[in-house]
Amino acid sequence: MLKNKKLLFLSLILFAISIALNFPFPHKYPYGESVASILNIPIQMENGLHIVGITSLLFLITSLFFLSKSFKKHKGRFILLGIVCALFLPHFLADTYQKTFATGIYAISYEVETSECSFDMISDNTMQAICEFSFINNSWDNVSFDINFYETYLFEEDVKMLSLLEINAPYSVDIKAKENKHVKIETMIDVSDIKNHVDSGTASHVNIIIESGEKMRKL
């Protein structure tokens with residue numbers, strides 16, 4: 001059934017590179033973007049094309065091509081298996097690592113779907129912000145970290161919301177071993193010197209940064 005071992009080996013190498021580029025850990029975005037940022041390689045072209053995503057897809061397509069050339073029979077089945085693995089394997093590996101070997105903030109799972117922040121002006125210069133988050137500590141040790149906030153895309157003319165929380169940041173959190181913890185943050189923000197800020201509103205799927213010492217994760 002196997003026709004060419006060298007092509008199969010090459011296919012597996014290219015497939016592993018594609019998986020590594022799409023590995024969703026330790027940040028919310030793929031590992032390939034972290035590497036590109038460190039190497040000062042643009043993540044996105046001016047026309048909106050995602051360089052890391054396109055590169056990963058090219059590696060995957062090439063690996064599947066060589067995979068099909070490696071076997072005499074059942075080529076379609078192996079290609080289908082490769083596509084399924086490419087779709088689900090990165091998240092499975094990241095989840096397995098977090099629940100077994102990860103320590104410190106790397107063992108923290110963030111339930112981003114349930115996160116929410118609300119903002120209300122309570123006086124001319126003071127805003128009240130209330131945020132609620134859920135975290136899971138997958139390790140057998142207590143974990144402490146600080147929370148910071150960031151806007152995904154923020155231009156000079158944009159209305160500031162999550163970035164306002166940085167005025168009083170960081171916010172400290174302690175989570176016991178194997179604990180599923182609901183965290184509520186309440187803070188009063190002086191916006192007297194802030195231009196173009198939100199007056200009231202809510203934000204879901206909140207972008208946060210958790211930090212402990214020199215370790216940092218963008219979630």
Any chance the side chains of His182 and Glu132 put a donor and an acceptor closer than 3.5 Å?
yes
The side chain to side chain contact (heavy atoms under 4.5 Å, CB included) partner of Ser212 among Val143, Ile105, Val173 is Ile105
Sorted by chain and residue number, the side-chain contact (heavy atoms from CB on, under 4.5 Å) partners of Ala177 (sequence neighbours excluded) come out as Asn142
In terms of heavy-atom contacts, Phe23 and Pro90 come closest through CE1-O, 3.6 Å
Practice prompt. Give a yes or no on whether Lys178 atom NZ has more than 12 heavy-atom contacts from other residues, nucleotides or ligands under 6.0 Å away.
Written response: yes
### Query
Quick one: do the Thr103 and Asp141 side chains pair a donor with an acceptor below 3.5 Å?
no
Q: Classify the angle between the aromatic ring planes of Phe71 and Phe78 as parallel (below 30°), tilted (30 to 60°) or perpendicular (above 60°).
A: parallel
If we only count heavy atoms from C-beta on, is the Ile108 to Asn137 side-chain gap below 4.5 Å?
-> yes
- Item | Ser56 side chain to Asn22 side chain, donor-acceptor N/O pair below 3.5 angstrom | yes
- Task: Kindly assign one of parallel, tilted or perpendicular to the pair Tyr106 and Phe25, based on the angle between their ring planes and the thresholds 30° and 60°.
- Result: tilted
query = So with a 6.0 Å cut-off around NZ of Lys181, is the heavy-atom count from everything else above 12?
reply = yes
Practice task
Could you tell me whether the side chain of Ser70 and the main chain of Leu8 form a donor-acceptor pair under 3.5 Å?
Solution key: yes
Sorted by chain and residue number, the side-chain hydrogen bond (donor to acceptor under 3.5 Å, both in side chains) partners of Asn180 (sequence neighbours excluded) come out as none
